[in-house]
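Here the structure comes first, spelled out in structure tokens, and everything after it is commentary.
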Amino acid sequence: MSQETLTALRANRAAENSIRAGFVHYLKGAMRGDLGESTSRNAPIADLLTQNAPATLRRLGIGLAGAWLGGLGMAILVARFRQSWLLESAVSMTAGTLLSLPAAVLAYFCLTAGIAVETVLILVLVPRVFRFSRNLLVQAYGSSHIDMARARGISETRILFGHVLRSAAPQMAALVAASLSMAVGAIIPIEAICDAAGLGRLAWQAAMSRDLPLLVNLTMLIAMVTTAAMAIAELAPLRPGESS
Amino acid sequence: MKSTRPAQLFAIVFLTFVGISALVPRLWTPDSYETQLREALDAPPSARFPLGTEALGRDRMARLLYGTRVSLALAPAAALLSCLVAALVGGLAGLAGGWTERTVLASVDLFMSLPWLFLLLTVRAMLPLNVSPLVSLGITFGLLGLLSWPASARVVRAAIHALRDSDFILQARASGVTPWRLISRQLIPNVMPVLLAQFWIAVPVFILAEATLGMLGLGVSEPLPSWGSMLRELEGGNLRAQPWIAAPAVLLAAVVGCFQLIFPREDYSI
């Protein structure tokens with residue numbers, strides 16, 4: 001490589017190698033709608049993001065919906081029939097086993113078994129949603145107004161929907177936002193191991209090829225999404241796990 | 001998980017057994033983790049090699065035990081680093097109050113808004129990837145420790161905040177106790193249980209994080225084994241034909257499960 005080529009390459013990378021200069025350069029470009037170019041793929045970053053975002057958003061949507069259905073459903077069952085140690089033990093053991101495995105290992109096992117990528121995300125999120133929401137529901141079931149409702153002969157279904165879920169709703173709302181952050185974190189190893197196109201695999205490939213412009217853009221994008229979700233969560237009066 | 005005393009006792013005994021096996025791997029295998037046995041490439045399990053050998057002819061059991069030593073020794077080290085940073089930052093915020101506290105809390109919130117694994121991946125990618133195994137070990141666990149303090153810092157700040165306004169601290173101040181003595185004799189001993197809980201919660205989280213980084217090729221590099229680097233074998237192997245290659249995943253799940261039994265927590269990091 002000639003000296004001129006080296007000098008030109010160094011000049012091109014100078015802005016990226018300096019965090020401050022790189023960030024200012026990035027912000028100036030972003031104001032004009034130009035997110036820069038990926039160094040590993042030689043393609044505009046905006047194009048890469050628009051190509052990969054739909055698949056990841058679809059997966060996150062399905063994963064979160066499935067996890068909430070499964071996790072909250074199990075939590076309601078366990079909280080409702082909390083005298084049944086067999087049910088509690090079986091569900092808690094399943095959740096504990098899933099929590100003990102990294103998302104990447106779960107992704108590999110599911111890939112080997114031919115299970116869909118979205119299911120992996122559900123399996124990663126279900127135990128987390130279950131544990132948080134079970135605690136909230138058990139806490140809500142323990143309130144004195146629930147005992148009073150039972151004493152007045154109100155049906156268990158009405159107690160669940162009219163009182164328990166209602167009193168746990170603010171914390172649940174906060175948990176929905178928190179679960180989005182968990183899902184975004186889990187999608188990287190899942191898409192990378194399952195070789196599924198999306199922002200997670202893009203982030204992993206950018207990390208492996210040290211494509212800093214692409215990583216910076218992905219970081220900014222994900223930071224904006226999760227900060228917005230957390231800001232919504234802050235609107236809820238209490239965070240999960242805090243006592244009322 | 002609602003754990004009973006026998007379950008916790010079992011978990012402690014199991015972790016002790018794993019710890020001793022990792023410290024003294026010769027109890028189980030005479031080989032070293034890097035010894036290549038060219039006459040036994042990809043050998044199935046046998047009396048000589050209980051978990052078979054991998055493609056380079058290295059004893060999988062030896063690698064698993066040395067890898068366990070690496071993961072079980074360095075996850076607590078990273079947890080200690082994380083707790084120290086959390087104690088410093090949370091302690092400063094809790095003691096100073098005012099705009100310092102607000103600034104620290106805002107920074108912590110900003111830090112926590114990014115998914116942890118994503119942050120880890122980004123920062124790890126900015127550091128050299130082609131480094132010696134020992135350097136990769138230091139980078140992996142150093143990053144785990146340095147990037148995971150915000151949640152603990154919040155907890156420490158809350159504990160210090162509560163202590164700062166307590167009667168015995170006000171009395172100590174009124175008696176003219178110096179700030180250093182107040183911190184060393186009153187605050188640190190009272191915050192220690194909180195820090196200890198954060199430490200034990202962080203250990204399994206770091207074990208899982210190292211495993212994920214290792215599977216993604218951003219963890220400890222060869223030939224040094226760790227649970228993460230050993231799990232990479234799953235990707236190239238055939239689990240149906242060679243189920244024993246899942247041994248690191250089984251051991252990891254068992255160890256993290258035991259930590260869950262002893263120190264229950266709602267959310268273990270992904």
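Chain identifiers are assigned alphabetically (A, B, ...) following the order of the sequence lines, protein sequences preceding nucleic acid strands; residue numbering begins at 1 within each chain. Keep in mind that what you see is a predicted model, and the values were worked out from it rather than measured.
The minimum heavy-atom distance between B:R240 and A:A113, with the atom names listed, is NH2-CA, 3.9 Å. Of all heavy-atom pairs spanning A:L101 and B:A249, the tightest one is CD2-O, 4.0 Å. In plain terms, the two heavy atoms of B:V256 and A:S100 that are nearest each other are CG1-CA, 3.8 Å.
The shortest side-chain heavy-atom distance between B:L252 and A:P102 falls under the 4.5 Å cut-off. The shortest side-chain heavy-atom distance between B:L218 and A:M208 falls under the 4.5 Å cut-off.
When A:V184, A:T112, A:L111 are compared by the number of non-hydrogen pairs under 4.5 Å with chain B, A:T112 comes out ahead. Per-residue counts of heavy-atom pairs under 4.5 Å with chain A were compared for B:L231, B:L234, B:V255, B:L120; the largest is that of B:L234.
Expressed to the nearest 0.5 Å, how far CE of B:M215 lies from CH2 of A:W204 amounts to 10.5 Å.
In this structure, chain B has a heavy atom under 4.5 Å from the side chain of A:F109, while its backbone stays farther away. Both the backbone and the side chain of B:L216 come within contact range of chain A, judged by heavy atoms closer than 4.5 Å. Contact of A:L218 with chain B is made through backbone and side chain together, with heavy-atom distances under 4.5 Å.
Here the side chain of B:Q260 pairs a donor or acceptor atom with the backbone of A:G96 at under 3.5 angstrom.
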